[in-house]
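Input: a single structure, listed below in structure tokens.
As the structure is a computational prediction, the values presented were derived from the model and not from experiment.
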Number of protein chains: 2
Amino acid sequence: MKLKAFLNDYGRRVTYERGEHVFHQGDLDCFLYVIECGVLKAYYGASDGKERVKSFLLRGDIIGSLKSILTTDGCRFNLVCLDDCSLLKIEFDVLYKKSRDDLELSHEIIDFLIEFGLKKETREYEFLCLSPEERYLELLKKTPHLFDLVSQNEIAHYLGITPVGLSRIKKRVQSK
Amino acid sequence: MKLKAFLNDYGRRVTYERGEHVFHQGDLDCFLYVIECGVLKAYYGASDGKERVKSFLLRGDIIGSLKSILTTDGCRFNLVCLDDCSLLKIEFDVLYKKSRDDLELSHEIIDFLIEFGLKKETREYEFLCLSPEERYLELLKKTPHLFDLVSQNEIAHYLGITPVGLSRIKKRVQSK
DNA sequence: CATAATTTTTAACTTGGGTTAATGCCTAAA
DNA sequence: TTTAGGCATTAACCCAAGTTAAAAATTATG
């Protein structure tokens with residue numbers, strides 16, 4: 001797997017302690033990060049102090065801010081470690097340029113991006129078509145282990161609801 | 001632009017009349033479609049007859065079901081023409097295979113997919129962080145011309161609310 | 001172990017959007 | 001110009017989730 005090999009060869013290992021941020025909203029951060037170990041949370045911080053969780057990142061996942069990479073606006077979200085974490089950090093541009101004369105590498109990037117697109121479409125579908133309760137049940141079915149890794153608080157913010165709301169949904173669901 | 005050239009060379013022109021479907025939910029359709037002219041609507045049809053609009057497609061846009069291309073589940077959404085339309089139809093697999101030994105083509109696909117990812121992330125952001133009213137205002141700001149092309153009914157379903165809800169939001173907003 | 005801090009639950013109250021149905025508006029066809 | 005069908009608005013009522021605050025449960029820490 002050329003992409004994995006590339007990330008290993010060119011990546012610089014960085015470690016963070018639980019609670020540390022990899023980057024903040026507004027930062028210009030044009031790196032890709034591969035999670036070697038630990039759990040991370042990518043989240044949008046609203047002006048009113050509310051937070052919304054874009055995604056949780058686990059071992060093997062790749063994360064970076066497309067916004068920061070493609071525009072001069074900086075990151076739209078924050079990336080924070082929920083555990084002590086070890087990441088591989090690679091400048092996006094280096095990978096991008098390398099792919100320009102490496103056919104195999106560029107294929108693997110295409111495959112990665114297609115998978116990424118499908119995931120994003122699925123999340124779009126869930127927000128567009130499912131109620132908070134249905135999204136909760138779906139998450140429970142698809143990634144039950146997530147509930148052991150992060151607080152219910154954070155699950156709620158991932159589902160786009162408040163912790164109070166999630167507590168009520170749980171109660172309603174189990175009484176069925 | 002090699003991708004455009006490819007789509008033109010290998011694409012087959014197909015035309016549909018207003019109201020015709022290009023494909024339905026559940027169909028196995030592994031084509032990409034480039035919109036030459038006309039307006040189309042990609043939508044999820046819920047079991048209870050409710051519909052939710054995934055996206056509107058305009059001249060120059062490219063659409064296809066990643067789900068159908070990548071899995072055996074078939075399309076998750078419907079694609080229907082809101083006008084008489086002319087499309088270019090290309091088997092995804094032909095493009096994919098061609099990219100396997102064409103570096104320039106594969107770069108352009110990467111660039112396309114990155115842009116696509118950014119768009120999807122933006123829509124995710126809007127559902128996660130904005131209220132229906134805020135999503136309406138955002139749409140009004142970003143693509144005001146859309147309101148001339150499709151009914152308010154369809155705009156509502158794109159925003160994830162009912163036509164009644166959108167009517168109320170409009171009224172509330174203009175009285176501010 | 002005790003206590004502080006955080007997370008989760010519960011309660012009371014508010015609210016925005018859903019639902020249903022009636023009404024008014026357009027536009028297209030006859 | 002009428003009439004029929006679809007679209008948008010309005011009204012009345014309902015309900016799920018938000019908000020605020022307090023209590024209970026869990027987890028961390030000295």
Integer-rounded Å distance: [N] [atom2] and [X] [atom1]:
{"X": "B/Glu51", "N": "D/dG6", "atom1": "CD", "atom2": "P", "answer": "14 Å"}
{"X": "A/Lys170", "N": "D/dA17", "atom1": "NZ", "atom2": "P", "answer": "15 Å"}
{"X": "B/Gln152", "N": "D/dT10", "atom1": "CD", "atom2": "P", "answer": "11 Å"}
{"X": "A/Asn153", "N": "D/dT27", "atom1": "CG", "atom2": "P", "answer": "14 Å"}
{"X": "B/Gln174", "N": "D/dT10", "atom1": "CD", "atom2": "C1'", "answer": "13 Å"}
{"X": "B/His157", "N": "D/dA8", "atom1": "NE2", "atom2": "P", "answer": "11 Å"}
{"X": "B/Glu154", "N": "D/dG6", "atom1": "CD", "atom2": "P", "answer": "13 Å"}
{"X": "B/Phe147", "N": "D/dC7", "atom1": "CZ", "atom2": "P", "answer": "17 Å"}

Is it true that atom OH of A/Tyr10 has more than 12 heavy atoms of other residues, nucleotides or ligands lying nearer than 6.0 Å?
->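 Counting other residues, nucleotides and ligands, OH of A/Tyr10 stays at 12 neighbours or fewer.
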Around atom CZ of A/Arg13, are there more than 12 heavy atoms of other residues, nucleotides or ligands at under 6.0 Å?
-> no
Should the pair B/Tyr33 and B/Phe23 be assigned to parallel (<30°), tilted (30 to 60°) or perpendicular (>60°) ring geometry?
-> tilted
Can you find a heavy atom in the side chain of [X] that is under 4.5 Å from one in the side chain of [Y]?
{"X": "B/Val94", "Y": "B/Phe6", "value": "yes"}
{"X": "A/Tyr158", "Y": "A/Arg123", "value": "yes"}
{"X": "B/Gln25", "Y": "B/Tyr43", "value": "no"}
{"X": "A/Leu79", "Y": "A/Leu57", "value": "yes"}
{"X": "B/Ile90", "Y": "B/Phe31", "value": "no"}

Checking all strands, does B/Ser167 fall into the base, sugar-phosphate, or nothing category for heavy-atom contacts under 4.0 angstrom?
->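 The residue B/Ser167 makes base contact.
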Can we call the ring centroids of A/Tyr125 and B/Tyr44 under 6.0 Å apart?
->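 So the answer is yes for these two rings.
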Do any N or O atoms of the protein come closer than 3.5 Å to N or O atoms of nucleotides 13-18 of chain C, and which pairs are they?
| unit_1 | atom_1 | unit_2 | atom_2 | d |
| --- | --- | --- | --- | --- |
| C/dG17 | OP2 | B/Arg172 | NH1 | 3.2 |
| C/dG17 | OP2 | B/Arg172 | NH2 | 2.6 |
| C/dG18 | OP1 | B/Thr162 | N | 3.4 |
| C/dG18 | OP2 | B/Thr162 | N | 3.3 |
| C/dG18 | OP2 | B/Thr162 | OG1 | 2.9 |
| C/dG18 | N7 | B/Arg168 | NH2 | 2.4 |
| C/dG18 | O6 | B/Arg168 | NH1 | 2.9 |

Grab the N/O contacts between the protein and nucleotides 26-30 of chain C below 3.5 Å, and write none if there aren't any.
none

According to a strict under-4.0 Å criterion, is A/Lys171 in side-chain N/O contact with OP1 or OP2 of C/dT9?
->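 A/Lys171 to C/dT9 OP1/OP2: no side-chain N or O under 4.0 Å.
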